[in-house]
Amino acid sequence: MAAGHAHVLYREVDSPVHRLPPEVKIAAMVAFTIAVVATPREALWAFGAYALLVVAVAVLARVNARWLLLRSTIELPFVVFAVALPFLGVGERVDVAGLSLSVDGLYGAWNIVAKGTLGVWASLLLAASTTTRDLIVGLDRLRCPQILTQIATFMLRYLDVLVGEARRMRVARISRGDDPRFVWQLRGFAAGVGALFLRAFERGERVYLAMLSRGYTGRMPAVWQGAGAATTGQWLVAATVPVLAGAVAATAVVLT
Amino acid sequence: MQPTAPSLEVRGVRYAYPDGHVALHGVDLTVARGERVALLGPNGAGKTTLVLHLNGILTPTEGGIVVGGLAVSSDRARLAEIRRRVGIVFQDPDDQLFLPTVAEDVAFGPANLGLRGAELAARVDEALAAVGMSEHRDRTPHHLSFGQRRRVAVATVLAMRPEILVLDEPSSNLDPAARRELAGILRDLPVTLLMVTHDLPYAFELCDRSVILDGGRIVADGPTPELLGDEELLARHRLELPYLFRPTPGPTPVRE
Ligand SMILES: Nc1ncnc2c1ncn2[C@@H]1O[C@H](COP(=O)(O)OP(=O)(O)OP(=O)(O)O)[C@@H](O)[C@H]1O
Ligand SMILES: [Mg+2]
């Protein structure tokens, strides 16, 4: 169980990305995602350019491809949905390997998979390089409404709890002779999901109560707010990623 | 605040959970300053529910609570002061510790109270010294052993200089050595203590007075050796002394 700042996605290494103040990284991640989402789906080359940007940041943050790809399985349900689209879509059709596919559906699928993957990657890179405490502080510094800060913090905490509990429940299931092969695992997992969410919710609740009991009022105390707020230089450094992405998006819009 | 006011006064507290389940049926309890009281009772007796009332996290359906002469109310400033006075150490230290280092976590409470700089640092040092964790101040809480984490959890609350220290099952999940170390620490703390526990020898060792809560009512209140000597009373409320343990009133157990 991860107690403390190291939520499940955090990678404890030192890198230039880790050292950037959190508010700068959060802003860059959001701006990058907006640029990606605004890109017309027909501009295939633009998505290649975004992927290169993600790779560059990942290298800088010392996050390896394996880690990134494994964690991206979060979006698996959306991929499954996307795969179905070309078969279900209507309108103009193309033949691929003897299958008649809807062109619109193909683009729709691509749209979901490409944009979803890039968005997930950007969020994963932010999470990998920022502790829970820094995420809270960063959102506070961006004058994010308290309620959003709290929701974000709780989502991270629930994620921790969910992963920890899921692991324990899996061990308990296997110990009782459940066959841990993929499909069966899913069945056992589905049965446990309700209990899992309930437990995660209860723990999140207890953590929050413990914070309240120590005088938490919804904002991190100013001790952590003040120190190390981003300098103009750091804003400029971090801005390179969304600025490049913005340029790509603008070009793509103009060209299509 | 008069210096003679009791640390804690619970007056006729009744509480029904939102689902209608009545967990407390009129509880009265007074704890004088400097007193050490064990709160005993079977599972589901309402002990945790009562603890959550003490700092205004739950609001009684009927009755009221006074801490050091100050009535608990939902007023914001009042609540902040009550939460400073009542230090609750929750059962699971993982619910309580969430910052990157031990020292930062201990600073969280006093920082919420508005302490800064040297004053804040002094509070942190003092609290860590009290639980013998000074040399671990820069470590990550989740790298510590369970017993050490529980000691840090106690420090996070001590740093707020509470009027009354409330511990929910402090000896649970500790190995015998950690259990003994924590007892040594708690015995030497110069604070009023309310300790929720199922561990009767622990109550005997640390608290002169015990209270039994069962079915949401206080059913016994008296000197610990007397209560623990009454086998019939204990059996009626699903409490049991460990095999071969006999509470003998007399010299307190060996000090460390
Ligand atoms: N959120 C809730 N909603 C409804 N009922 C609850 C809730 N929390 C606790 N209860 C009920 O209130 C009663 C008292 O619970 P409480 O947690 O205070 O017991 P406890 O004395 O702390 O027990 P334990 O020794 O197991 O910790 C129990 O019957 C419990 O089922
Ligand atoms: Mg309890």
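- Shortest non-hydrogen contact noted between B/Arg83 and A/Leu212 is CD-O, 3.2 Å.
- Sorted by first and then second residue, the side chain to side chain donor-acceptor pair (under 3.5 Å) pairs with a member in residues 50-69 of chain A read A/Thr39-A/Tyr50; sequence neighbours excluded.
- Ranking B/Ile88, B/Ile82, B/Thr156 against chain A, the residue ahead of the rest is B/Thr156, based on heavy-atom pairs under 4.5 Å.
- The main-chain N or O of B/Met160 is never found under 3.5 Å from a side-chain atom of A/Arg214 such that the two would form a donor-acceptor pair.
- The CG atom of A/Leu209 sits 8.0 Å away from atom CG of B/Leu58, with the distance rounded to the nearest 0.5 Å.
- If you measure heavy-atom distances from B/Ile57 to chain A, the contacts under 4.5 Å come from the side chain alone.
- One finds the CG atom of B/Asn112 at 11.0 Å from the OG atom of A/Ser213 (value rounded to the nearest 0.5 Å).
- The salt bridge (Lys or Arg N to Asp or Glu O under 4.0 Å) search around B/Asp19 returns none, not counting sequence neighbours.
- For B/Leu79, no part sits under 4.5 Å from any heavy atom of chain A, backbone or side chain.
- Counting non-hydrogen atoms of neighbouring residues, nucleotides and ligands closer than 6.0 angstrom, the CZ atom of A/Arg19 exceeds 12 such neighbours.
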